[in-house]
Number of protein chains: 2
Amino acid sequence: MPTSKDVAEAAGVAQSTVSYVLSGKRPISEKTRKKVEAAIEQLTYQPNAGARALASRKTRVIGLVIPFIPELHMASIMEFVSVIATTARQYDHDILLVTEDEGAAGLRRVVGQQICDGLILMQVEGEDERLPVARTLNVPVVLIGIPRDPSGLVCIDADFEMAGEQCVRDLAAAGHSVISVIDWQPEVVDRHVNYVDRFMGGTDTAARAVGVTVQHLPGGADRETIAASVDKALAQTTGVPAFIAPDGTVQDILRRTLASRGLTPGVDVSVIGSASPTLAELQPIPLSTIDLRPGEVSRRAVKIICQLLSTDSQGPHESLELVPTVITHRASTLCPPRTA
Amino acid sequence: MPTSKDVAEAAGVAQSTVSYVLSGKRPISEKTRKKVEAAIEQLTYQPNAGARALASRKTRVIGLVIPFIPELHMASIMEFVSVIATTARQYDHDILLVTEDEGAAGLRRVVGQQICDGLILMQVEGEDERLPVARTLNVPVVLIGIPRDPSGLVCIDADFEMAGEQCVRDLAAAGHSVISVIDWQPEVVDRHVNYVDRFMGGTDTAARAVGVTVQHLPGGADRETIAASVDKALAQTTGVPAFIAPDGTVQDILRRTLASRGLTPGVDVSVIGSASPTLAELQPIPLSTIDLRPGEVSRRAVKIICQLLSTDSQGPHESLELVPTVITHRASTLCPPRTA
DNA sequence: GCGAATCGTCGATGCGTATCGACGATGGTC
DNA sequence: GACCATCGTCGATACGCATCGACGATTCGC
């Protein structure tokens with residue numbers, strides 16, 4: 001492997017000159033620059049990351065803490081991971097994976113060994129042993145998700161409250177007067193995951209504002225529970241029933257349950273779920289969705305941390321950014337107002 | 001951040017002694033070791049990764065090249081990623097993400113800058129511009145998947161041929177004489193992805209060996225195509241029909257198609273798919289599966305590369321390891337032979 | 001045509017660790 | 001008790017780059 005010293009010799013300049021050509025931190029004459037660049041090209045020189053990190057105290061690596069796999073949300077996690085990695089490259093950074101099972105010690109390790117300059121924590125919920133640690137680490141940390149106590153932390157997440165509001169307002173506008181929200185799976189609800197409360201709060205706010213009834217019914221991965229919820233909703237609704245089912249598994253079961261009751265989404269009943277546009281289009285009846293835009297959340301998370309890194313302002317930061325959600329009407333809801 | 005020099009001063013020894021305590025590469029008296037360890041503890045010293053890499057020429061980081069996201073296989077990709085990251089930690093290594101969209105240049109970059117000591121390439125299929133590059137990089141590379149020309153490369157993958165054989169043999173043993181294999185999606189088949197051929201080869205081999213008929217029918221994400229395939233299979237089968245549907249999306253459509261024809265898997269018809277045990281159990285009728293064991297493949301990939309790294313034998317290596325698949329009979333196949 | 005400001009380049013140094021040769025202290029041998 | 005091997009520790013150096021101060025060469029103003 002050639003070093004910058006080799007390049008310097010080949011170009012007939014000092015090693016420091018090579019460094020300045022690369023960094024642009026001092027003016028270099030056109031002539032010298034050409035010579036150096038030619039030598040770099042010819043030797044296929046690439047700077048050594050370790051040496052660079054040692055001298056500059058910057059690794060240009062961001063640690064990404066991925067959640068322990070609950071088997072079902074893996075696809076959505078991968079979307080975050082993929083976009084984060086790609087976006088980081090646009091800022092000339094790389095992504096180092098840290099698995100959640102390393103816990104708070106993992107954070108201390110990668111920061112303490114100076115393997116990375118900052119951290120992104122995915123899927124932060126409620127309480128978390130890593131949060132107090134994150135606050136005291138002297139590197140930028142960005143959370144995707146909002147913990148119960150976000151003080152002293154930089155957070156970004158989809159605007160779940162807006163999502164809840166949008167769903168209810170649009171269903172109300174389509175003529176529904178009773179709207180049933182099928183909960184996430186009980187494990188999620190019981191953890192009192194922040195985003196569930198925010199979503200539910202949004203639906204209730206909108207219900208009050210536009211004068212419709214919103215009822216929350218138990219969901220889960222269990223077909224009997226959901227079937228019971230559906231039947232209860234059907235019994236209590238006088239007009240055309242409307243369902244909001246944020247969870248993908250719940251959507252599957254809801255779809256089959258409605259079919260077995262002889263109800264067709266978009267005709268006898270409205271259904272809105274949360275899903276990516278691609279998945280929504282693949283459904284037998286394309287699903288009207290509230291898109292939580294994981295890609296956009298990921299991009300912004302990377303942008304935020306890279307800004308923090310470039311200004312490397314030491315002190316603790318605190319901010320909270322919510323990414324607007326997008327509602328798209330497809331075939332599973334009654335016509336007005338149909339967009340997209 | 002404390003350095004090994006700080007630790008040395010606190011312990012009253014030389015910096016090199018601290019290094020030897022940590023590495024164990026020279027004998028250290030019990031007394032000195034205690035002093036040094038106490039100082040490390042007290043200062044919460046952690047060695048600087050950059051300096052370590054510079055001096056030792058080892059980063060203890062493995063680059064993981066993840067495929068560009070085709071949206072549907074994201075969940076299975078995440079399973080690989082997660083297990084690889086966790087396993088790497090067991091060998092005291094970290095994982096750096098490299099996205100496929102960086103292409104061959106990405107490989108040159110991370111290796112040339114010496115950001116990582118070796119690479120794992122995921123989901124390698126047929127031809128790939130990165131393969132010739134991988135062969136010339138002077139670091140260990142392990143492929144998950146088998147390219148058309150595996151010469152000079154270290155590969156590991158599930159044993160798709162064995163998978164095909166197992167499916168056919170077990171269905172034959174259960175009394176089926178005609179077995180229909182529903183293809184993967186056409187984009188996959190057209191790429192002439194290696195594993196498809198291997199799987200199909202396995203089914204044909206077993207068919208010949210046990211004297212049953214295996215027919216291959218078009219699959220895809222398209223319900224009409226699959227429905228047509230199913231009807232064709234039903235028409236051509238005299239005994240109890242049997243289906244093998246490796247692809248998850250195909251399974252979904254197959255399930256509904258059979259239901260609409262009034263056929264119940266495990267009673268009127270046998271169905272074997274490829275899926276994780278967890279997902280298989282979640283089905284309305286638990287699916288008999290051929291498990292391709294992505295976790296095991298991942299673990300072995302990490303193990304292989306870590307062995308190559310520890311022996312750092314320079315020359316190009318070549319090997320091919322196939323991970324045995326596991327067939328598990330659940331409710332979707334006829335009784336004999338039912339296991340698990 | 002002289003001093004001052006500017007520009008472009010160089011040499012030296014430091015970043016924190018691993019590793020090599022050296023050397024004092026110990027223990028054993030005859 | 002003189003000699004040698006072994007053990008444990010130290011000091012020095014190298015790893016490859018970034019960065020700082022210095023300095024010769026220009027350029028400009030007057």
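Note on naming: letters A, B, ... go to the chains in the order of the sequence lines (proteins, then strands), and numbering restarts at 1 for each one.
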Grab the two heavy atoms, one from Lys303(A) and one from Tyr91(A), that are nearest each other, plus how far apart they are.
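That would be CG-OH, 3.2 Å.
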Base, backbone or nothing for each nucleotide of nucleotides 11-16 of chain D, written B, S, -, heavy atoms under 4.0 angstrom, 5' to 3'?
BB--BB
Calculate the interatomic distance between [X] atom [atom1] and [N] atom [atom2]; express it in whole Å.
| X | N | atom1 | atom2 | value |
| --- | --- | --- | --- | --- |
| Asp6(A) | dC17(D) | CG | P | 9 Å |
| Lys25(A) | dG8(C) | NZ | C1' | 18 Å |
| Ile115(A) | dG16(C) | CD1 | C1' | 15 Å |
| Arg26(A) | dC7(C) | CZ | P | 13 Å |
| Lys58(A) | dT19(D) | NZ | P | 10 Å |
| Leu22(A) | dC17(D) | CG | P | 9 Å |
| Lys31(A) | dA25(D) | NZ | C1' | 12 Å |

Remember a base hit wins even if backbone is also touched, and classify Val13(B) as base, sugar-phosphate or nothing at under 4.0 Å, heavy atoms.
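Since only primed, P, OP1 and OP2 atoms lie under 4.0 Å of Val13(B), the category is sugar-phosphate.
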Could you tell me whether Ser19(B) contacts a base, only the sugar-phosphate backbone, or nothing, with contacts defined as non-hydrogen atoms closer than 4.0 Å?
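Since a base atom lies under 4.0 Å of Ser19(B), the category is base.
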Is there a donor-acceptor contact under 3.5 Å from the side chain of [X] to the main chain of [Y]?
| X | Y | answer |
| --- | --- | --- |
| Glu318(A) | Val154(A) | no |
| Ser23(A) | Ser19(A) | yes |
| Asp117(A) | Lys58(A) | no |

Only counting residues at least two apart or in another chain, list the ones meeting side-chain contact (heavy atoms from CB on, under 4.5 Å) with Glu321(B).
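Glu321(B) satisfies side-chain contact (heavy atoms from CB on, under 4.5 Å) with Ile156(B), Arg300(B), Ile304(B) only.
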Could you point out which residue of Ile77(B), Val65(B), Ile144(B) forms a side chain to side chain contact (heavy atoms under 4.5 Å, CB included) with Gln123(B)?
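With Gln123(B) as partner, side chain to side chain contact (heavy atoms under 4.5 Å, CB included) holds for just one option, Ile77(B).
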